[in-house]
Amino acid sequence: MLFGIEMLLAVVFFIVMVTRNGYLKPTWQQLVTLGLQIASVWCLIHLFISHVYPEFVFAKDVISVFFSAVFVFAALKDRYESEVYRSHHQQTATK
């Protein structure tokens, strides 16, 4: 019963974090969002592998790193697009 509740909370936390992005947000908000996204994927993978596939416990950290990399790349993309958007609007405002 407790595992079901923990898993449900981990899945909800993960879904909420997947829907967040850092586009046009300050740096501190982008970093907090990224940290929470990484924490959500680590919690979900830890719970899932520990209880459902215990034979893969040795690889849960490696799996978590690869899934976390997706969030890191998405954050870098948001950061780059935010910089491009801001620089483009600064150039058009001065003209």
Side-chain angles (χ1 to χ4, degrees):
M1 177 72 174
L2 184 61
F3 171 69
I5 294 170
E6 287 176 343
M7 197 63 175
L8 177 68
L9 290 174
V11 168
V12 168
F13 182 43
F14 178 75
I15 290 171
V16 168
M17 287 292 93
V18 166
T19 61
R20 304 291 180 248
N21 66 23
Y23 184 65
L24 294 178
K25 295 200 173 117
T27 303
W28 71 271
Q29 279 185 324
Q30 289 177 342
L31 292 174
V32 168
T33 302
L34 177 61
L36 289 172
Q37 287 173 336
I38 290 173
S40 73
V41 78
W42 280 70
C43 288
L44 185 63
I45 289 173
H46 173 74
L47 283 172
F48 186 74
I49 288 180
S50 296
H51 294 285
V52 179
Y53 293 111
E55 62 271 11
F56 293 112
V57 168
F58 68 93
K60 73 180 172 191
D61 291 333
V62 175
I63 295 168
S64 295
V65 166
F66 282 110
F67 277 100
S68 296
V70 172
F71 289 121
V72 171
F73 289 135
L76 290 172
K77 178 191 73 77
D78 287 342
R79 181 86 175 151
Y80 173 75
E81 288 178 348
S82 295
E83 296 285 330
V84 169
Y85 179 83
R86 287 183 183 127
S87 67
H88 175 69
H89 280 294
Q90 285 176 352
Q91 289 174 356
T92 57
T94 58
K95 289 183 180 179

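Since this is a predicted model, take the numbers as computed values, not measurements.
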How long is the gap from CZ on R86 to CG on L24, to the nearest 0.5 Å?
5.5 Å
Hey, quick one: are L36 and W28 part of the same hydrophobic cluster, counting side-chain heavy atoms closer than 4.5 Å, chains of contacts allowed?
yes
Closest heavy-atom pair and its distance - I63, I49:
CD1-CD1, 3.7 Å
With no hydrogens and no angle check, is any side-chain donor or acceptor of S87 less than 3.5 Å from a backbone partner on V84?
yes
Taking all non-hydrogen atoms of both residues, which atom of S82 and which atom of G22 are closest, and how far apart?
OG-O, 3.9 Å
To the nearest 0.5 Å, what is the distance between CE on M7 and CG on L9?
11.0 Å
To the closest 0.5 Å, what do you measure between CD (Q30) and CG (L76)?
9.5 Å
Only residue of I45, V41, I38 satisfying side-chain contact (heavy atoms from CB on, under 4.5 Å) with S64 is I45
Under the side chain to side chain contact (heavy atoms under 4.5 Å, CB included) criterion, do D61 and V65 qualify, and how do the steps go?
CA-CA 6 Å; D61 291 333; V65 166; 5.5 Å; no
Look only at the side chain of Q37 and the backbone of R20, and say whether a donor-acceptor pair between them is shorter than 3.5 Å.
yes
Do V11 and L44 have side chains that get closer than 4.5 Å, going by heavy atoms?
yes
F71 and V18: which non-hydrogen atoms are nearest, and at how many Å?
CZ-CG2, 4.0 Å
Quick check for you: to the nearest 0.5 Å, what is the distance between H51 atom NE2 and E6 atom CD?
5.5 Å
Is there a path of hydrophobic side-chain contacts, each under 4.5 Å between heavy atoms of I, L, V, M, F, W or Y residues, that connects L47 with I15?
yes
Once the angle between the rings of F48 and Y53 is folded into 0 to 90°, is it parallel (under 30°), tilted (30 to 60°) or perpendicular (over 60°)?
perpendicular
How about F67: does its CZ atom have over 12 heavy atoms from other parts shown lying under 6.0 Å from it?
no
Ignoring hydrogens, what is the shortest heavy-atom contact between R79 and T27? Give both atom names and the distance.
NH1-OG1, 2.9 Å
Return yes when atom CZ of F3 has more than 12 non-hydrogen atoms of other residues, nucleotides or ligands closer than 6.0 Å, and no otherwise.
yes
Does S40 use its side chain to pair, donor to acceptor, with the backbone of F14 at less than 3.5 Å?
no
Can you name the closest pair of heavy atoms from W42 and S68 and give their distance?
NE1-OG, 2.7 Å
Over all heavy atoms of both residues, which pair between S50 and P54 is shortest? Give the atoms and the distance, please.
O-CB, 4.0 Å
